[in-house]
Amino acid sequence: MRRTLDGMQTSVTPTHCPYCALQCGMNLTSVPDRDGGGTGVEVTERTDFPVNRGALCGKGRTAPALLSSRVRLTTPLVRTDGVLRPAGWDEALDRIAEGLSRTRTEHGPDACGVFGGGGLTNEKAYALGKFARVVLGTSQIDYNGRFCMSSAAAGGIKAFGLDRGLPFPLEDVPKAGCVILVGSNLAETMPPALRYLTELRENGGKLIVVDPRRTRTAEQADLHLAPRPGTDLALALGLLHLVVAEGRTDEAYIRERTSGWEEARAAAMAHWPEYVERITGVSVPQLRETVRMFCEPEATMVLTARGPEQQSKGTDTVGAWINLCLATGRPGRPFSGYGCLTGQGNGQGGREHGQKADQLPGYRKLDDPAARRHVAEVWGVDPDTLPGPGRSAYELLDALGTDIRALLLMASNPVVSAPRAAHVEERLRSLDFLAVADVVLSETAELADVVLPVTQWAEETGTTTSLEGRVLLRRQALTPPEGIRSDLHVLRELADRLGVEKGFPTDPEEVFEELRRASAGGPADYSGITYRRLAEEDGVFWPCPSDGSAGPAGSAGEGGEGAVVHPGTPRLFLDRFATADGRARFVAVHHRPLAEEPDAEYPVLLTTGRVVSQYQSGAQTRRVDELNAAAPGPFVELHPRLAERLGAVEGEPLAVVSRRGRAVAPARITTAIRPDTVFMPFHWPGEGRANTLTNPALDPTSRMPEFKACAVRVERVG
Ligand SMILES: Nc1nc2c(c(=O)[nH]1)N[C@H]1C(S)=C(S)[C@@H](COP(=O)(O)OP(=O)(O)OC[C@H]3O[C@@H](n4cnc5c(=O)[nH]c(N)nc54)[C@H](O)[C@@H]3O)O[C@H]1N2
Ligand SMILES: Nc1nc2c(c(=O)[nH]1)N[C@H]1C(S)=C(S)[C@@H](COP(=O)(O)OP(=O)(O)OC[C@H]3O[C@@H](n4cnc5c(=O)[nH]c(N)nc54)[C@H](O)[C@@H]3O)O[C@H]1N2
Ligand code: SF4
Ligand SMILES: [Mo]
């Protein structure tokens with residue numbers, strides 16, 4: 001408690017932002033709410049959290065706006081005679097239980113689908129995965145993280161045997177001699193993290209940004225490479241070719257810490273710099289300069305984000321960038337290596353605890369008999385009753401209304417964010433039954449038979465795992481408004497109605513205690529982490545086993561050997577990789593074209609992404625006045641040369657047409673983009689919805705859709 005100037009008592013709760021994976025620390029300070037009654041909260045600076053040291057972007061700063069009842073759901077809604085009308089909780093929950101159980105009886109358990117989100121806390125993601133497997137008995141569960149970092153996860157597992165977005169804390173970034181940032185617009189997507197790049201350059205380190213657009217991030221770079229969208233794989237191979245040709249490989253490291261080099265080397269040698277220049281549009285001198293800047297310093301990093309990952313060859317592309325790091329002896333060395341910048345608030349934890357189609361808690365594999373036995377024991381069920389792996393996110397959405405007849409959806413808005421969104425919307429409409437839990441009436445919730453209003457970050461406690469692999473405690477600061485319940489409560493009530501009375505506690509700490517046991521011994525081992533520790537420390541990096549032994553990556557934390565309380569593992573792979581033989585694996589990969597290359601009919605490339613003031617499908621941020629004013633609607637970014645050819649005029653509507661559909665948005669003409677490419681942000685529904693256009697071609701391993709490149713035609717409207 002503290003007192004304000006006018007003598008009112010206020011309380012301050014240290015917590016974390018509800019939005020992106022940076023999970024900035026913030027304080028929530030109680031204030032009288034808008035209506036003058038009760039108390040609300042405002043965001044105040046929290047300087048003691050080391051990652052952002054008090055800095056926040058506009059989204060974090062304005063997050064409490066969404067707590068007010070004016071913009072949010074406050075009562076369950078049930079569809080009657082085609083219209084959603086307010087209903088009581090019992091009626092709404094009964095309807096969902098009925099819908100799911102009827103579907104199960106008539107069509108079998110796999111006719112019930114579950115779709116989750118990387119915004120869910122670890123506790124919720126864990127409970128949702130358990131609910132699908134234990135209560136519904138369905139294999140058909142996946143989540144929006146599939147659209148996010150699945151290619152980096154697949155690439156990381158192939159190479160290192162483990163996927164933790166960043167294998168080192170962000171504080172290591174400024175200590176590197178050179179960082180190649182591939183397809184990340186950090187300045188807009190994680191503004192407080194830009195500090196690490198600024199410090200890097202102040203320390204004399206070099207920044208290379210790879211992006212088809214000269215973004216705010218690229219403007220900070222010492223070297224900006226602007227490849228044609230979807231050609232990062234060729235780019236990385238061309239760089240590796242030059243590394244070899246110039247004799248810059250680290251032979252001792254390759255010998256001692258890796259396997260598979262000969263095949264990967266041979267594959268890279270087939271990618272001559274001139275050939276790579278033709279594919280990517282990045283000139284040979286720029287390739288040479290990149291290699292020089294990357295190889296000369298002792299410590300260097302490659303960080304990727306959605307640019308190279310959201311491709312139908314995203315896994316191979318990540319593999320090629322990792323190859324470059326391995327060949328030059330970086331991963332596992334100080335201030336060096338490969339990392340992926342995960343996106344959603346709990347993008348990292350959300351993929352570790354079982355809402356992904358092929359996973360069990362602790363990043364265990366659903367098809368591994370030992371993993372099934374371990375988790376089944378924690379859950380008190382027979383391992384044989386656990387279903388096998390199910391479909392990936394887009395495949396699941398595509399199967400709605402055919403194989404999958406009922407869907408329970410939490411924390412995603414696929415009507416706006418899924419590829420080929422008009423088709424996905426049509427699939428959602430064709431369901432026998434759709435239930436959505438959300439804080440607002442999203443475009444997807446609008447289609448539901450039952451909508452449940454749930455609590456938000458400031459109204460509940462839970463843990464998230466940031467892009468650094470740092471497990472954090474978000475604390476409750478407010479009592480939720482009347483009529484609103486938590487996702488955990490929803491799952492408990494549904495489990496109860498579907499005949500499973502035990503195993504779904506509503507207290508997040510109780511869920512976390514079970515998650516600890518379920519994750520124990522798995523790759524993402526949380527068993528040594530407790531709420532108490534999280535309340536006292538600046539988060540704990542997994543793996544953190546409970547017995548003080550080294551984690552699966554063989555890199556005990558920094559608390560010294562034999563510590564009873566494991567200190568957590570800020571840095572992975574120092575001594576060995578998480579593979580059977582402890583060596584990192586090169587992958588032999590080759591350039592391949594886009595799933596859809598431009599042609600005479602669709603001659604331009606469309607790429608998509610984000611703007612600073614909107615978040616994802618915009619369901620939340622489009623409801624915050626300040627953010628909406630800053631970024632009121634979609635646009636089509638294009639180069640003056642293309643604009644001239646089309647007769648496009650700044651601010652006037654352009655139609656972008658792909659094989660999937662047509663979207664219309666005003667032109668934004670800028671030399672910051674390649675003349676062969678247009679860019680649209682994907683935050684809006686309706687006419688300007690970018691995902692009407694995108695291609696759901698999937699990466700064969702990660703099942704990631706090709707959000708970052710498809711063929712379009714651009715036309716003036718009217
Ligand atoms: N403001 C804001 N911040 C966010 C989010 C948000 O919605 N809004 N979402 C959060 C989430 S979930 C995520 S995943 C992250 C995403 O964070 P980022 O990955 O930084 O975001 P994007 O804008 O999707 O893509 C980054 C860049 O990739 C470039 N790009 C497009 N095609 C290619 C290509 O073929 N190759 C390369 N190298 N680059 C390409 C785009 O021009 C863009 O500048 O942001 C998080 N933070
Ligand atoms: N074209 C294109 N499309 C993309 C991308 C791209 O770069 N280009 N990026 C992709 C990426 S990386 C991502 S991550 C996806 C994200 O896209 P979505 O999955 O649509 O993500 P959000 O808009 O964050 O949706 C979250 C929804 O859950 C609600 N919500 C928030 N917190 C909670 C909670 O605790 N419980 C419940 N029940 N609901 C909650 C929010 O109000 C919102 O409606 O979009 C993907 N789509
Ligand atoms: S950068 Fe991400 S975590 Fe930080 S305030 Fe902005 S949205 Fe929140
Ligand atoms: Mo994401």
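We count ligands from 1, going down the list as the structure has it; atoms in each ligand are counted the same way.
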Inset, instruction - Starting from atom 36 (N) of ligand 1, find the nearest protein heavy-atom neighbour and note its residue, name and distance. - result: Asp232 OD1, 2.8 Å
Legend entry - Shortest protein contact, atom 40 (C) of ligand 1 (heavy atom only):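 The closest one turns out to be Pro212 CD, 3.2 Å.
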Using non-hydrogen atoms of the residue, decide whether [X] is closer than 4.0 angstrom to ligand 1.
| X | value |
| --- | --- |
| Thr677 | no |
| Arg228 | no |
| Ala709 | no |
| Met149 | no |
| His683 | yes |

Among [options], which one puts a heavy atom closest to [atom]?
| atom | options | answer |
| --- | --- | --- |
| atom 25 (O) of ligand 1 | Gln310, Lys708, Arg610, Glu637 | Lys708 |
| atom 43 (C) of ligand 1 | Leu181, Thr189, Asp211 | Asp211 |
| atom 15 (C) of ligand 1 | Ala631, Gly343, Cys57 | Gly343 |
| atom 31 (C) of ligand 1 | Thr607, Val611, Val210, Thr215 | Thr607 |
| atom 26 (C) of ligand 1 | Gly183, Gly609, Ser617 | Gly183 |

Can you tell me if [X] and [Y] form a side-chain donor-acceptor pair at under 3.5 Å?
| X | Y | value |
| --- | --- | --- |
| Asn695 | Ser658 | no |
| Thr444 | Asn413 | yes |
| Thr300 | Arg330 | yes |
| Thr62 | Glu626 | no |
| Asn628 | Gln614 | yes |

Inset, instruction - Kindly compute the distance separating NZ (Lys59) from CG (Leu66), expressed to the nearest 0.5 Å. - result: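 The CG atom of Leu66 is 13.5 Å from NZ of Lys59, to the nearest 0.5 Å.
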Legend entry - 2.8 Å cut-off met by an N, O or S atom of Cys17 to atom 8 (Fe) of ligand 3: yes
Legend entry - Geometric cation-pi criterion, Arg213 with Phe679: 6.0 Å, 45°: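 Positive - Arg213 is close enough to the ring of Phe679 and near enough to its axis.
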Inset, instruction - Give a yes/no answer: is there an N/O/S atom of Cys24 under 2.8 Å from atom 4 (Fe) of ligand 3? - result: yes
Inset, instruction - Tell me, yes or no, whether the heavy-atom count around Arg668 atom CZ, taken from other residues, nucleotides or ligands under 6.0 Å, exceeds 12. - result: no
Inset, instruction - Check each heavy atom of Ala21 against ligand 3 and say whether those closer than 4.0 Å belong to the side chain, the backbone, both or neither. - result: neither
Inset, instruction - Between Met26 and ligand 3, find which residue part has any heavy-atom pair under 4.0 Å and reply side chain, backbone, both or neither. - result: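 Neither part.
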